[in-house]
Amino acid sequence: MNGMFELRRFRRTGFRCAIGFLLWAVALMGSAARRPNVLMICIDDLNDWVGHLGGHPDAQTPQMDALAAQGRVFSNAHCSVPVCSASRISILSGLDATTHGSYELGPNYHSIERLRNVPTIHRYFKDHGYTTLSGGKVLHGSFQGFVADDIDQSIGGQSGGPRPERSFNWEPRVWDWGPYPETDSEMFDYQLARAAAAALQEDYGQPFFMSVGFSRPHVPLYVPPKWFDLFDRDALTLPRAPKEDLEDIPDNFKNMDQVAPTHDMILGAGLWRGLVHAYLASISFTDHCVGTVLEGLRQSPHMGQTLVVLWSDHGFHLGEKQHWAKRTLWEESTRVPFIIAGPGIEPGDHCREAVSLLDVYPTLLEMCGLPRNALLEGISVVPQIEDPATPRPSPVIISSYQGNHAVRNRDWRYIRYRDGAEELYHHQIDPDEFRNLASDPAFAAVKSRLGEWIPRKAAPEVIPLKIRLEERERRKARFRQNRPVK
Ligand SMILES: [Ca+2]
Ligand SMILES: [Ca+2]
């Protein structure tokens with residue numbers, strides 16, 4: 001080889017290197033300017049019965065567990081109100097119930113006048129250059145009225161269907177369960193998952209914020225038979241619900257007026273095991289839907305540039321404290337799965353600091369480099385994503401009905417009801433919240449320290465008390481018609 005060739009080759013290579021560097025620099029500038037996409041997966045009434053939270057030994061949730069293994073799990077995360085519409089309003093507005101005043105099922109976002117000038121998280125992303133997409137149950141009731149324009153593109157409506165013509169186990173069907181329909185493709189949630197996976201293949205020309213809300217494991221617990229077949233019904237572990245657990249707690253939420261079956265009703269009809277089975281089956285079906293969306297993301301051009309956040313709107317009792325469903329200030333009502341995964345997030349230990357679903361909004365703004373929204377009342381968990389041992393500067397506050405609050409930090413739960421009644425639980429030694437320590441003088445200092453966080457002011461209920469009580473009586477009257485199917 002002669003020297004001239006070597007020189008030409010050097011020049012060619014050098015030129016290619018220079019061009020390559022230029023292209024790389026342009027690409028880098030482009031990606032720095034382009035903010036990450038957000039995929040927000042919202043689940044309805046899912047408590048801590050997922051593998052990675054260990055809430056039930058028989059739970060089978062491989063898809064959510066795989067996501068958990070790739071990102072940061074907040075294993076001590078709580079809703080701010082333990083009921084559907086109010087919790088979702090809090091997450092999407094970033095405001096606490098004590099500010100927006102919705103503490104009970106009912107008012108939609110767009111019917112709360114004091115939220116008129118509070119941008120939903122979708123609106124905020126849209127106003128900062130994002131395309132917004134949403135499908136399924138994200139808000140309770142769809143985006144209507146003054147929030148209708150927050151969503152650029154729908155990927156599906158809301159439906160928990162389909163439902164069979166007749167109940168299998170319980171009348172009316174709202175609390176029924178059973179293997180129905182025959183196939184996943186007939187399930188609304190599965191169709192939604194497929195639609196979301198397809199929408200993830202598209203190029204929106206700018207970053208997107210997509211929310212996908214599944215309706216199971218909310219009752220009625222109908223899912224195809226294969227999900228029931230995953231479990232041996234007769235070998236399932238039942239929740240720990242000793243009757244004497246109620247002896248050391250005040251009356252407030254004990255045997256509370258419910259719009260769910262009572263534990264005595266369920267035990268009397270011999271239906272406890274069946275409901276636990278149906279709830280686990282519904283969770284596994286929902287997990288499969290989550291997996292379908294995540295597979296869509298993996299196949300898409302957006303993989304590697306998309307943050308995934310998964311949450312459930314609140315927890316769910318299946319007999320714990322002799323209670324069913326939600327609305328209490330106990331752990332089973334308030335603890336939820338909460339995972340954030342995506343580019344730049346190193347998998348590692350769970351964050352055991354108490355965090356709130358109010359933190360979703362400020363966290364996503366910070367991670368996407370969007371300006372701070374001064375209205376928000378949550379706290380960004382970016383420090384806990386970076387180091388899960390970082391303490392949150394304040395404990396989490398949960399409210400249920402005006403004037404009743406729980407304060408949750410890493411190790412404790414303190415509840416104070418409107419009438420001054422109290423409960424105190426030490427989670428390091430009592431994760432089931434069996435032993436109320438509120439009257440033990442040894443913990444007086446802990447109690448008063450936590451008590452300082454109890455909100456001193458709380459917005460009045462959006463729905464006037466008289467109307468709410470009338471509505472509750474109507475619901476209870478309907479509920480008294482409930483009965484097992486013979
Ligand atoms: Ca819910
Ligand atoms: Ca107890």
Side-chain angles (χ1 to χ4, degrees), residues 40-49 77-92 97 102-109 136-141 158-160 174-175 189 211-221 239-255 258-260 263 279 282-283 286 310-338 357 360 398 400 406 413-415 421-427 429-440 443:
M40 185 166 84
I41 300 175
C42 321
I43 303 181
D44 203 0
D45 285 27
L46 173 59
N47 63 13
D48 57 4
W49 291 15
H78 302 271
C79 60
S80 47
V81 197
V83 72
C84 305
S85 58
S87 173
R88 289 157 186 266
I89 285 167
S90 299
I91 298 164
L92 266 63
S102 178
Y103 306 86
E104 167 58 323
L105 188 68
N108 291 325
Y109 200 108
K137 184 172 170 182
V138 176
L139 276 179
H140 192 89
Q158 294 195 19
S159 164
V174 67
W175 264 88
D189 277 345
S211 57
V212 183
F214 295 118
S215 18
R216 290 284 111 74
H218 194 292
V219 292
L221 300 171
R240 296 209 281 173
K243 207 152 200 169
E244 60 273 19
D245 180 18
L246 299 194
E247 288 169 6
D248 63 353
I249 59 179
D251 284 337
N252 308 66
F253 282 6
K254 189 162 71 178
N255 307 318
Q258 301 195 48
V259 286
H263 195 48
Y279 189 67
S282 298
I283 292 170
T286 305
L310 179 146
W311 49 257
S312 162
D313 59 353
H314 50 76
F316 200 79
H317 288 250
L318 288 97
E320 298 91 345
K321 290 212 157 20
Q322 312 287 303
H323 184 79
W324 281 79
K326 42 218 180 187
R327 293 181 168 85
T328 76
L329 288 171
W330 296 311
E331 186 82 346
E332 283 304 319
S333 266
T334 76
R335 189 185 186 205
V336 291
F338 178 24
L357 292 180
V360 168
I398 306 125
S400 185
R413 174 184 298 269
Y414 171 60
I415 301 172
E422 298 169 303
E423 295 173 49
L424 178 69
Y425 299 103
H426 190 344
H427 269 263
I429 54 172
D430 182 21
D432 294 294
E433 300 184 335
F434 286 148
R435 194 162 160 228
N436 178 11
L437 302 169
S439 59
D440 186 334
F443 300 103

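Counting starts at 1 for both ligands and their atoms, following the listed order. Counting begins at 1 with the first residue of the sequence.
Under 3.0 Å from the Ca ion (ligand 2) lies no N/O/S atom of L246, from backbone or side chain alike. When distances to the Ca ion (ligand 2) are checked against a cut-off of 3.0 Å, D245 contributes an N, O or S atom below that limit. For H140, every N, O or S atom stays at 3.0 Å or more from the Ca ion (ligand 1). Taking backbone and side-chain atoms together, H218 has no N/O/S atom less than 3.0 Å away from the Ca ion (ligand 1).
Of the candidates H426, E423, E331, E331 is the only one forming a side-chain hydrogen bond (donor to acceptor under 3.5 Å, both in side chains) with R413.
Considering just the N/O/S atoms of D313, the one nearest the Ca ion (ligand 1) carries the name OD2. Minimum-distance N/O/S atom of D248 relative to the Ca ion (ligand 2): OD1. Taking the Ca ion (ligand 1) as reference, D44 places its N/O/S atom OD1 nearest. Between the Ca ion (ligand 1) and the N, O or S atoms of D45, the shortest distance is to OD1.
Residues K321 and E433 are not paired through a salt bridge, judged by the lack of any N-O separation under 4.0 Å between the basic side chain and the carboxylate. Salt-bridge check for R335 with D48: passed, with a basic side-chain N closer than 4.0 Å to an acidic carboxylate O. A salt bridge does not link D189 with R216: none of the charged nitrogens is closer than 4.0 Å to a carboxylate oxygen.
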Please test H314 against T334 for side-chain hydrogen bond (donor to acceptor under 3.5 Å, both in side chains), starting from the C-alpha separation and ending with a verdict.
CA-CA 5 Å; H314 50 76; T334 76; over 6 Å; no
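Under a cutoff of 6.0 Å and an axis angle of 45°, K243 and F434 do not form a cation-pi pair.
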